[in-house]
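Just below is one structure, and these are the notes that go with it.
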4 protein chains.
Amino acid sequence: MATQHRAAPNAARRKETSRQAILAAAFDLLREVGYAKLSIEGIAARAGVGKQTIYRWWPSKGAVIFDAFLLLSASEGEPPVLPDTGDLETDLRLVLRATVEELNDPRYDQPMRALATEIAHDPDLAAVYAERLDGPLKEAKRQRLRSAQQAGQLAEDLDLDVAVEMIWSPLLNRWLHHSGPLTAEYADRVVATALNGLRPRH
Amino acid sequence: MATQHRAAPNAARRKETSRQAILAAAFDLLREVGYAKLSIEGIAARAGVGKQTIYRWWPSKGAVIFDAFLLLSASEGEPPVLPDTGDLETDLRLVLRATVEELNDPRYDQPMRALATEIAHDPDLAAVYAERLDGPLKEAKRQRLRSAQQAGQLAEDLDLDVAVEMIWSPLLNRWLHHSGPLTAEYADRVVATALNGLRPRH
Amino acid sequence: MATQHRAAPNAARRKETSRQAILAAAFDLLREVGYAKLSIEGIAARAGVGKQTIYRWWPSKGAVIFDAFLLLSASEGEPPVLPDTGDLETDLRLVLRATVEELNDPRYDQPMRALATEIAHDPDLAAVYAERLDGPLKEAKRQRLRSAQQAGQLAEDLDLDVAVEMIWSPLLNRWLHHSGPLTAEYADRVVATALNGLRPRH
Amino acid sequence: MATQHRAAPNAARRKETSRQAILAAAFDLLREVGYAKLSIEGIAARAGVGKQTIYRWWPSKGAVIFDAFLLLSASEGEPPVLPDTGDLETDLRLVLRATVEELNDPRYDQPMRALATEIAHDPDLAAVYAERLDGPLKEAKRQRLRSAQQAGQLAEDLDLDVAVEMIWSPLLNRWLHHSGPLTAEYADRVVATALNGLRPRH
DNA sequence: GCGTAATCGAGACGGTACGTCCGGTCTTACG
DNA sequence: CGTAAGACCGGACGTACCGTCTCGATTACGC
């Protein structure tokens, strides 16, 4: 849909059922056998599809995995919105705790690591990811901060992009690199530390 | 050296020249052909070594890559120390700019991505990484913050672990996920934002 | 034309230009790429024709090749006749030398081997071949022998079928199985030996 | 054994059991599924062998088939000899009837057609065939004729090579090209006609 | 110093998956 | 309805590596 990197064949004739069977098979296999053992051959077999049908429409295994994620989030429809109770710290804690929850969920762990790996090794994929999946989410995060900023809860000259990354990156890093326990309590500490900053407040 | 996960053969008889040839070949090939096309077969051929000699001493491709990094950093000897001029912000800027420099260096980009990928998919490796490579570095970072804290430049109750992650994670994330430009200016903004926090300071 | 083995579609609406383009393409490709690499796909592409148009009208690759030969020889029109100067031995030498010439001609070698192979593996095709291509030619050979027989140059009780095969088979065998040099001199020896027989003539 | 056409790997380390399993599997499959559906993949699977082990030692499917025949006839050991009762015509009838029998045996029909096809399309194979399989047999045929020649039953100046081909080619041709019924009676007619020749004997 | 046991380079082995090609069927749009 | 075009499922192709195994040929101990 969004990831054709080569001169595309006649997309009008594309068989939609095959496309969905492939993406579903890819996602399922990712959970079942893990990223390292995921093969195009396996996806084709599981989807009941010729290998050529995959190679015709996707340039790489990563692109298939990626589109499987697109399919997943596309079903949600309208862009995401972060909760806004007026209390930023509470809202952020809520959201980050949910993120922690999701990252710890074994159903999503493997697929998301696979996605992260593909993105890390393929800038093209990264660009599409930034536009289609991460973009809307990041905008929602920025929007929540902007709202707090207007309410006077955040510094007027705050760099929202940096702020967003400063809140969410520590979580993603711990998760991806197994560099420490990923708990709700940790999420809270990140929120508190980010909001207050490192310097003493008199 | 550090990553034998299986009952080791008699290490005393190990041929040191082969070990180094393998690690060097692994590192070189990582640069030359990239992570995706790196093969044990290729490493063995390049190193002029039988495949069995690799399988005898390392449990996985990731372990070889990892030890190649160990070899690199082991040469440095004593533990790293961050500069301490008394001015935390300046020091952090300096260090982060250097980090940005290194991440943008094409000689290290591929190998480090490979290492990151292996760590992401192998918790055992992650543990060894945390202990041997990341540990000392992280301690140095914490130490610099502690020094600033004692000088009254940082909050007394600051969570140093979280603080460290809040400063360095945004950079690593941008780099690994290609989620934005990685510049010295960006490093400066991260430092400033982290130090001040998101909330307004009156 | 002669080899529809399945319930044929409405042949009246058949497009003659496509038929000829297909057969011509088949024959050309046979020369150019050889029998092993000849594909329906390739024929269709070369002929500017949909694959289905081939499958609609021919049951197998062999049938296409076969019809290509039919097209070739059909152009000759009336049935073949062997020369009859009254001197059988001379006439046979002439004809066999011509056959040797043709078999050695690189333009016909590949296609004819292809035809022979198809016939060897498909009795249906063999039957059509016997009727349409080989039949008339064989009749001409028999006729020449019959004429000689009536002139008293051949034994009265001679088995003409066996005689024909005894003269031509050695050539075809040498050619098809690469079992010896195929020269005009060899043709002469075959003629002489066949006419005289193995037994001594006192 | 005789058909390595490429720079051979270290043949000393070759696994004899695999070699024989491959050739046996090839021969069996040839009978079971036929030549057209014979695949390297199938042979490897049936033989319990990796595909590479076939590609390592044979340059083509034809070479495998060929060696399977070599294995078969190699087991017979010493060179073949045709019966010699002193009565050439009777002996030839016996041998040709046996040949007819064999060619009509469904167990050998498919494999031998396969061999014939490969030889027809691969001159290299044909050369090895001529030397290893057909050679000794042809020599035996020539020897029988030579014996009859010395006994005064054949013309003194008879071309033995041509004579042999004149006797056996008609049979092989009928069989390979399905160009007529292949019966004992036909064999007899060929023998008689060849011995007497076409010309009348007064 | 001398067997002997382990490591080494080499590479064949049974396998899995790759990415490509083609076979034969089916669908679409046109004439 | 026949056609050109070409997507589809299936499956074989020949290649690249996997991780295991077996070979001599060096080693380096232990006796």
Side-chain angles (χ1 to χ4, degrees), chain A residues 9-15 17-19 21 36-45 47-57 59-61, chain B residues 9-15 17-19 21 37-45 47-61, chain C residues 9-15 17-19 21 37-45 47-61, chain D residues 9-15 17-19 21 36-45 47-57 59-61:
Chain A
N10 185 345
R13 305 215 155 175
R14 185 166 188 183
K15 204 167 165 185
T17 58
S18 290
R19 186 181 153 269
K37 294 196 173 178
L38 183 68
S39 67
I40 298 272
E41 201 117 14
I43 296 174
V49 141
K51 278 197 290 177
Q52 198 61 45
T53 302
I54 298 183
Y55 284 108
R56 186 162 19 239
W57 300 108
S60 70
K61 192 166 69 178
Chain B
N10 184 346
R13 321 196 79 180
R14 186 166 186 182
K15 203 167 165 187
T17 59
S18 290
R19 185 181 154 269
K37 294 195 173 178
L38 182 68
S39 66
I40 298 273
E41 201 116 10
I43 296 173
V49 139
K51 280 198 289 177
Q52 195 64 254
T53 302
I54 298 183
Y55 285 108
R56 185 158 25 232
W57 301 108
W58 288 274
S60 70
K61 191 167 71 179
Chain C
N10 184 346
R13 313 198 99 202
R14 186 168 188 182
K15 203 167 165 187
T17 58
S18 288
R19 185 181 154 270
K37 294 196 172 178
L38 182 69
S39 67
I40 298 273
E41 201 115 12
I43 296 174
V49 140
K51 277 198 289 178
Q52 195 59 30
T53 303
I54 298 183
Y55 284 108
R56 196 175 357 252
W57 300 107
W58 287 275
S60 69
K61 191 168 68 178
Chain D
N10 185 345
R13 304 213 158 181
R14 186 165 186 183
K15 205 167 165 187
T17 59
S18 291
R19 187 181 152 267
K37 293 196 174 177
L38 182 69
S39 66
I40 299 270
E41 200 117 18
I43 296 173
V49 141
K51 278 199 289 177
Q52 199 58 45
T53 301
I54 298 183
Y55 285 109
R56 182 156 29 231
W57 300 107
S60 70
K61 192 166 68 179

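For the numbers below, each heavy atom of this structure counts, side chains included, while hydrogens, waters and symmetry mates do not. Residue numbers begin at 1 in each chain, while the letters A, B, ... track the order of the sequences.
- Atoms CH2 and CD1, from C:Trp58 and C:Ile40 in turn, are 9.5 Å apart once rounded to the nearest 0.5 Å.
- Side-chain proximity of C:Gln52 to E:dT25, F:dC13, E:dC18: nearest is E:dT25.
- C:Gly42 comes within contact range of no nucleotide atom at all, as no heavy-atom separation falls under 4.0 Å.
- When rounded to the nearest whole Å, the span between NZ of A:Lys37 and P of E:dC18 equals 14 Å.
- For the pair B:Leu38 and A:Gly50, nearest-nucleotide mapping onto DNA chain F gives the more 5' position to A:Gly50.
- Taking the side chain of C:Val49 as heavy atoms from C-beta on, and the options F:dA4, E:dC22, F:dA7, the nearest nucleotide is F:dA4.
- In terms of modelled atom types and a separation under 3.5 Å, the side chain of A:Lys15 and the main chain of A:Thr53 share no donor-acceptor contact.
- Contact detail for A:Ala44 and A:Gly50: the closest heavy-atom pair is CB-C, 4.3 Å.
- Taking the nucleotide of DNA chain F with the nearest heavy atom to each of B:Ile40 and D:Lys61, the more 5' of the two is matched to D:Lys61.
- Taking atom CD of residue B:Glu41 and atom C1' of nucleotide F:dG19, one finds them 10 Å apart after rounding to whole Å.
- Each of E:dC18, E:dG9, F:dC8 was ranked by its minimum atom distance to the side chain of B:Thr53; first place goes to E:dG9.
- Between C:Arg56 and F:dT3, a side-chain N or O to OP1/OP2 separation shorter than 4.0 Å is present.
- Counting only heavy atoms from C-beta on, C:Tyr55 has its side chain closest to E:dG23 among E:dA12, F:dC9, E:dG23.
- Residue-to-nucleotide contacts include a donor-acceptor pair under 3.5 Å from the side chain of A:Lys51 to the base of E:dG19.
- Closest approach of B:Ser39 and B:Gly42 over heavy atoms only: OG-N, 2.9 Å.
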Identify each atom pair where a protein N or O and an N or O of nucleotides 27-29 of chain F are less than 3.5 Å apart, giving names and distance.
residue : atom : partner : partner atom : Å
F:dA28  : N3   : B:Arg13 : NH2          : 3.2

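- Between B:Ile54 atom CD1 and E:dG9 atom C1' the separation is 12 Å, expressed in whole Å.
- In terms of position along DNA chain E, the nucleotide closest to B:Ala45 lies nearer the 5' end than the nucleotide closest to the other residue of the pair B:Ala45 and D:Gly48.
- Cation-pi geometry between A:Arg13 and A:Trp57 is not met at under 6.0 angstrom from the ring centre and within 45 degrees of the axis.
- Of the listed nucleotides (F:dA7, E:dG23, E:dC8), F:dA7 has the atom at the smallest distance from the side chain of A:Trp57.
- The phosphate of F:dG2 (OP1 or OP2) has no side-chain N or O of C:Ser18 nearer than 4.0 angstrom.
- The CD1 atom of A:Ile43 sits 16 Å away from the C1' atom of F:dC9 (whole-angstrom rounding).
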